[in-house]
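Indexing begins at 1, ligand by ligand and atom by atom, following the structure's order. All values derive from a computational prediction rather than experimental measurement. Heavy atoms only: backbone and side chains are in, while hydrogens, waters and symmetry mates are out.
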Amino acid sequence: MEATRIELEAKDIPTHWYNVVADMPTPPAPPLGPDGKPATPEQMGAIFPGAILEQEMSAQRWIEIPQEVREIYRLWRPSPLVRAVRLERALGTPAKIFFKYEGVSPAGSHKPNSAVPQAYYNKQAGIKRLSTETGAGQWGSSIAFAGQMFGLDVRVYMVKVSYDQKPYRRLMMQTWGAEVFASPSPLTETGRRLLAENPDNEGSLGIAISEAVEEAASRADTNYTLGSVLNHVVLHQSIIGLEAKKQFDKIGLYPDLVIGPCGGGSSFAGIAFPFLADKASGDKRAEKLRCIAVEPSSCPTLTKGQFAYDYGDASGFTPLMKMYTLGHDFMPPGIHAGGLRYHGDSPLVSQLFHDGLIEAVAVPQLATFDAGVQFARAEGIIPAPESCHAIRAAIDEALRCKETGEAKTILFNLTGHGHFDMSSYERYFAGKLENYDYPADAVAASLAHLPKPG
Ligand SMILES: *Cc1c(COP(=O)(O)O)cnc(C)c1O
């Protein structure tokens, strides 16, 4: 029987994360504070521990993964690399399609790869409690799990509509011992003010971030955690690509294409950057490698955004980051891939895209569910709506190979399973899902308010 699932052993879990900053032709622009000057570690120290800040600013190529973190990674890592032979057959393509499956983590996605080290470094720094926000609940559940592993209290501000509509993600967090509050909540200044104005406020990610940051900034024993975008999150996610490289080595193959969904960019960076390292070091196998970030056509940050300084949150609390952005007050249409509804993108992904080292495509919602269902029926795994974006692009590339007769090796990141997203599939099957056009007017309006630093 041909090996279609390429396994590694516990001893193969990487000992170091890879930091792409060491290999970037243009170093990333620094984040700026409210005064337009580079943000100082002191400004950010109120909500992050020193070890995380150090990683955030580091240009060191390899950063050691603490033993305690590797032991928890061991609960689900190394994650499998699978050759999708049944999907290849269904498509009739000469391409070889592989996926790296991150849905095997306790929370069901790649997000615990960063939640675990974030909880660890906070514990080391003497922090007792973590605060965070969550929209659909994927990051909240990852940090609830990670906090529990290190005995930290976790408080999650969950956007009110999701709190009411997604009880199972909320219950997952509560099962891992986290406290979950509908945001806006009566626990913070921001929440109390908004509730006084309108007791029926349904909340937004921007409001939930404000509440979580306010709590962390106002209490010495509490820090804030973020699930994507920032450099340290990108660093932690490199474990995905590092393992994938070992798995390809095992079978003597090397990908021509590396594809991942892109919201804040951390999982795409995680699978792609370790391969870019080969390009940077002149490895012949990586000469023709292409890395493709896949985003929704309704929230096309890389393909239609501007490369400019902008806030990371809707309310303008965070430092300014140089990134591709649709404008911090752009409100994306309500697509079902909640994890891809972000106005900005990781500054590292942005800079590399700007320099032409990676590519991006945008795909419409219905086509992503078509791809997700085709994948589920061939390979069994029901993908998260975010992951369906990568599957769409991988299938499109495989079909192109069918036309040209090229037998390319395609790798995509299956970032999570869709077991908590079945109501989205229900709408798809009922013919109720729609394609949203690119909201050109809303983007133009939002880009007109980009902050002008300095
Ligand atoms: C959060 C999420 C994403 C998108 O976030 P990135 O930071 O861009 O990786 C993709 N897939 C799943 C399953 C997610 O939960």
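Residue Gly265 has at least one heavy-atom neighbour below 4.0 Å for each of these atoms of ligand 1: 6 (P), 7 (O), 8 (O). Of all the atoms in ligand 1, the ones that sit under 4.0 Å from a non-hydrogen atom of Gly263 are 8 (O). Distances below 4.0 Å separate heavy atoms of His110 from the following atoms of ligand 1: 2 (C), 3 (C), 9 (O), 10 (C), 11 (N), 12 (C), 14 (C).
Under a 3.5 Å cut-off, the side chain of Asn19 and the backbone N or O of Ser58 do form a donor-acceptor pair. Judged purely by atom type and a 3.5 angstrom limit, Tyr121 has no side-chain atom pairing as donor or acceptor with the backbone of Leu53. In this structure, Ser446 contributes its side chain and Leu326 its backbone to a donor-acceptor pair below 3.5 Å. Between the side chain of Lys279 and the backbone N or O of Leu289 there is at least one donor-acceptor pair closer than 3.5 Å. Judged by distance alone, the side chain of Asn413 and the main-chain N or O of Ser267 form a donor-acceptor pair under 3.5 Å.
Closest protein heavy atom to atom 10 (C) of ligand 1: Glu386 CB, 3.5 Å. In this structure, atom 11 (N) of ligand 1 lies nearest to the protein heavy atom Thr415 OG1, 2.7 Å. Protein heavy atom nearest atom 7 (O) of ligand 1, with residue, atom name and distance: Ser228 OG, 2.4 Å. Nearest protein heavy-atom contact of atom 4 (C) of ligand 1 is Gly339 O, 3.5 Å. Protein heavy atom in closest approach to atom 9 (O) of ligand 1: Ser267 OG, 2.5 Å.
Of the N or O atoms in Gly264, one or more lie within a sub-3.5 Å distance of an N or O in ligand 1. Taking only nitrogen or oxygen atoms, main chain and side chain alike, Ser387 does not reach within less than 3.5 Å of ligand 1. Polar contact check, Cys262 against ligand 1: no nitrogen or oxygen pair lies under 3.5 Å apart. Remark: ligand 1 and Gly227 share no N or O pair separated by less than 3.5 Å (distance only, no angle test).
Note on Arg74 versus Glu71: no salt bridge recorded, every NZ/NE/NH1/NH2 to OD/OE distance being 4.0 Å or above. Ion pairing between a basic and an acidic side chain is recognised when a charged N comes within 4.0 Å of a carboxylate O; Glu379 and Arg83 show no such pairing. Salt-bridge formation is detected for the pair Arg392/Asp396: a Lys NZ or Arg NE/NH1/NH2 atom is positioned less than 4.0 Å from an Asp or Glu carboxylate oxygen.
Looking only at atom types and distance, the side chain of Asp329 has no donor-acceptor partner in the side chain of Tyr311 under 3.5 Å away.
With a 4.0 Å heavy-atom cut-off, ligand 1 is reached by the side chain of Lys111 but not by its N, CA, C or O.
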